[in-house]
Amino acid sequence: MDYLTGLNERQKEAVTTTEGAVRVAAGPGAGKTRALTSRYCYLVDNYGISPRQILTSTFTNKAANEMKRRVQGYLGDLDLGYICTFHAFCAQFLKDEIHVLNFPKNFQIIDTEDQKHMLARIFEDMKFTSRDLTIKKALDTILEARKLEAGSYIDYFYLMDNERLKRAYLAATTIEDQIFLRYLYEQKKIYGCDFNDLIAFTIYILENFPDISQPWREKIQYVMVDEFQDVSARQYKLARLLAGYHGNIFIVGDPDQTIYSWRGAHVHLFLDFPKKYPQAITIDLGLNYRSTPEIVKAADRLINHNVLRLPRILETIRPSGPKPVYFHADSDHLENDWVIQQIERLRDAGTALNDIAIIYRAHSVVTRDIEEILTTKKIPYRIYSGTEFYARMEIKDAVCYLRMVAYGDDASFLRTHNVPSRKIGRKSLNFLREQAEERGISLYQALKDNLGSERFRATAANHYVRAIEYVRANLKRLSLDNALQSLFDLTGYEQSQRLGGDQDRLDNLAEFKRHLKDFSEDDEATLEDFLTRTALFSNIDRQPLTESVKLMTIHAAKGLEFKRVFLIGLSEGILPSRRSQDPEEMEEERRLTYVAMTRAIDGLYLSDSAGKTTDGHYKRPSRFIAQMGLDNLEFVHPLDKSLWASNAHPTRELPNLDNLLTVGELVVHQAMGPGQIIRVDLDNRVYVIKFEKMSTERSVRFDTSLTLLKPTDVAIH
DNA sequence: ATTTTCGAGATTTTT
DNA sequence: TCTCGAAAAT
């Protein structure tokens, strides 16, 4: 029973409320993963529910692994296959059920990079170049278009046969439609399934095939969703569908930590949960176990500038500590220098390097400079990001060689056909494109069919084709790691890397082969399974070999905690990002800062530097520094208020929204008298106000004259 | 005539 | 790291 010991009353309530719809609103460091884990154990242990009857959606694979470890710690070794991301659940589901959409069981999961490749190829085929419609924009448009009507594009296109789809894109009148339909055609041709499709297909099947849907809904007795504030509308719909039969849906989240809006998350989903489930009970976990009161105070002051939130009062139990430290440097080099000096000081005072993290808005903030200083000072560090294991060039190459064996798709072909160099350059590739286009075949097939032609006489293309064909033919006999080795040997890939002389790359390849070998220990494991896994679990958590300082983006730091946190690059244009223009985006930037601050347990260090940004503007300290409350911070240098002069933040927050009232504030309306602001609706530009005289809430336009009765920090309810 | 190499410039966040 | 373009190499 020790999964219940040490829980506070609120947490216990969350754990033991097992029926119906439950919403847990949890602040940072409130032990929400703890509550979720305990509830899982409680259901299995007390109610005799089998793990296969509980779907627990986590936001990252890392979080899933962490939860599994904890549950197994309490209950022993169990198969916890449904503690996973929605995407991983859908991959499992579709493997069994996608045949109803006439897709093969071994459909291919494609990632953003594949999609970009496909689009690039379409653009080139169409000889289409435009400054206004870049590949990136086209991809956004494609994703956006599909978001609108979950099922419709499946009805219209995925159930259409390829010939009709082809006619549709040829007949399209606008460039956008041409690209969109052409893209769907290309994707369908290879039975590709992107991350959105995984969810959308699953929903589609659940909604349209009752014979499949009903057994699943009966089987899944409990649905639990972690990090609900980052769930997209579509994922939410999936959760509702699966929980539809038993009605047990349990969500945990913190609207103030919504940092994935760009991926479809919206604060409203959490705030409006009771509208979907009128009987839902809400449990508030506001007690912060993690950070010192000083850190919580500054973070709380900052987040109170947001309008789209549930007001809450954060309480702390930790003993008092130092105020967060703010350092403004004259140059980015001096900023890095200061940060690393502090780290050295902490280390010499006995802080383990593992307890220290450097956090930033975007990878670009990490310059060669900071790495150089860390190296010269002999401080081991590890960057969690950009070049994660599977993102490394040589690993991607290896994966694409394997994909050539399994799928022979164009994206993999483009990555592998000329690595190492085989004298197949642009002209030859264009030739292949024409062939492929004309005959409706893949690039690889086109190459195979033209091996005898003069064009490829002088190239090493035949080696390439022979290697792939050999491994394809012998795949059943070869173990996966041997298959890859054969590919390497026959194509000379590894040899070329060896000649390149980069030992790191060879080490990485060796590690990749070990992974592959581990995977193929299981006799059932197929190449397709492995590729599915690499597509879904691209961030394998490798244990750091040595004690090291961790560098990561705020997004990557979500859900983690560190004794000491350095939040660097707190400049206007970086945090908040210059790309965040409208007020809602600005709120997201503020939430990001809030998330970063609340990672810290004992010490929080904030820094920025003067100098120029890449676009030539002079950098200014972030407005968020001021919004934390200057008296809540410890300034390394005497305070220079001119750094936040009124001209320092041009046009970021729309002027007419600058003076918005905040939820909870008491106002007087000329006609309707006194009332309290319940919600601020930015979409419709109205305040939702509960007036004393009225029984129902009223909407009042932003520009209506309202007298502020008195500002208040007190929460409503 | 093609392919390869090399330097410069830019890069939000991720399942 | 990736892309682009121009110069160098086959």
Side-chain angles (χ1 to χ4, degrees), chain A residues 57-64 84-91 109-113 115-117 120 129 134-136 139-140 143 193-200 227 230-232 234-235 238 258-265 359-368 383-388 390-397 414-415 417-431 454-456 458-460 496 500 532-539 552-558 569 573-581 585 588-589 591-593 595-596 613-615:
Chain A
S57 143
T58 57
F59 196 65
T60 59
N61 298 306
K62 211 170 167 188
C84 58
T85 62
F86 275 123
H87 294 92
F89 173 81
C90 291
I109 297 176
I110 56 176
D111 61 19
T112 316
E113 200 165 323
Q115 294 180 300
K116 280 188 193 154
H117 267 293
T129 47
T134 58
I135 289 174
K136 210 174 163 196
L139 185 58
D140 286 347
L143 299 182
C193 203
D194 69 23
F195 287 119
N196 281 312
D197 294 330
L198 285 173
I199 312 275
E227 305 283 16
D230 287 328
V231 157
S232 68
R234 198 178 268 180
Q235 292 170 322
L238 174 62
T258 304
I259 57 172
Y260 284 93
S261 295
W262 47 272
R263 230 176 64 187
I359 301 182
Y360 37 83
R361 171 69 232 262
H363 291 305
S364 55
V365 174
V366 180
T367 51
R368 239 170 276 117
I383 301 178
Y384 285 78
S385 63
T387 47
E388 268 305 318
Y390 280 105
R392 303 206 182 208
M393 200 173 57
E394 61 279 12
I395 302 300
K396 277 196 211 161
D397 287 342
L414 290 172
R415 198 175 174 99
H417 77 280
N418 209 25
V419 184
S421 167
R422 298 191 179 89
K423 298 199 184 297
I424 308 170
R426 230 177 46 157
K427 285 278 174 179
S428 305
L429 201 55
N430 279 343
F431 169 78
E454 190 55 41
R455 182 175 282 280
F456 296 105
T459 71
S496 73
T532 299
R533 236 176 57 135
T534 36
L536 281 172
F537 307 100
S538 52
N539 285 324
M552 60 181 83
T553 62
I554 298 173
H555 287 86
K558 174 107 178 285
I574 300 173
L575 186 56
S577 161
R578 79 176 58 79
R579 282 158 202 259
S580 295
Q581 292 286 342
E585 289 176 325
E588 177 119 336
E589 297 292 319
R591 290 192 291 266
L592 270 166
T593 313
V595 167
T613 56
T614 42
D615 51 355

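As the structure is a prediction and not an experimental result, all values here were calculated from the model. Note that these values count all heavy atoms, side chains included, but never hydrogens, waters or copies made by symmetry.
- Annotation: side-chain hydrogen bond (donor to acceptor under 3.5 Å, both in side chains) contacts of E394(A) (sequence neighbours excluded): N508(A).
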Collect all protein-nucleotide pairs involving nucleotides 3-9 of chain C in which both atoms are nitrogen or oxygen and the distance is under 3.5 Å.
none

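- With the 3.5 Å cutoff on both pairing distances, Watson-Crick and G-U pairs in DNA chain B assemble into runs of at least 3 at B:1-10 with C:1-10.
- Across the protein-nucleic acid pair, E394(A) atom CD and dT1(C) atom P stand 8 Å apart, rounded to whole Å.
- Judged as a ring pair (Phe, Tyr, Trp, His ring centres under 6.0 Å), and not counting sequence neighbours, the contacts of F59(A) are Y260(A).
- Every residue two or more places apart in sequence or in another chain that forms a side chain to side chain contact (heavy atoms under 4.5 Å, CB included) with C84(A) is listed here: A88(A), F89(A), Q92(A).
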At under 4.0 Å between heavy atoms, how does the protein contact nucleotides 2-9 of chain B? Give one character per nucleotide, 5' to 3', with B, S or -. SSS-----
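- Atoms CZ and CG, on R533(A) and N61(A) in that order, are 10.0 Å from each other to the nearest 0.5 Å.
- Shown here are the side chain to side chain contact (heavy atoms under 4.5 Å, CB included) partners of A362(A), two or more places apart in sequence or in another chain: S364(A).
- Under the rule for a salt bridge (charged side-chain N to carboxylate O under 4.0 Å, His left out), R422(A) has no partner lying at least two apart in sequence or in another chain.
- Under the salt bridge (charged side-chain N to carboxylate O under 4.0 Å, His left out) criterion, D111(A) pairs with no residue, sequence neighbours left out.
- A straight line from CG of L575(A) to C1' of dT13(B) spans 11 Å, rounded to a whole angstrom.
- Distance, F195(A) CZ to dT14(B) C1': 8 Å, rounded to whole Å.
- Between L592(A) and I554(A), the shortest heavy-atom contact is O-CG2, 3.4 Å.
- Contacts of Y260(A) with the nucleic acid, taken as non-hydrogen atoms under 4.0 Å apart, involve only primed sugar atoms and P, OP1 or OP2.
- The CZ atom of R415(A) sits 10 Å away from the C1' atom of dT1(C) (whole-angstrom rounding).
- The interatomic distance linking K62(A) (NZ) with dT14(B) (P) rounds to 11 Å, in whole Å.
- Rounded to an integer number of Å, the gap from N196(A) CG to dT14(B) C1' is 12 Å.
- In this structure, the side chain to side chain contact (heavy atoms under 4.5 Å, CB included) partners of T258(A), at least two apart in sequence or on a different chain, are Q229(A), D230(A), S261(A), A265(A), V267(A), E588(A), R591(A).
- To the nearest angstrom, P of dT14(B) lies 19 Å from CG of L198(A).
- Taking side-chain N and O atoms only, K396(A) has a distance below 4.0 Å to OP1 or OP2 of dC2(C).
- The NE2 atom of H87(A) lies 9.5 Å from the CD1 atom of I109(A); values are rounded to the nearest 0.5 Å.
- Using a 4.5 Å cut-off on side-chain heavy atoms (C-beta onward), T58(A) and E227(A) make no contact.
- In this entry the distance linking CG of D111(A) with C1' of dT15(B) reads 10 Å, nearest Å.
- Residue S261(A) has no polar side-chain atom (N or O) positioned under 4.0 Å from OP1 or OP2 of dT13(B).
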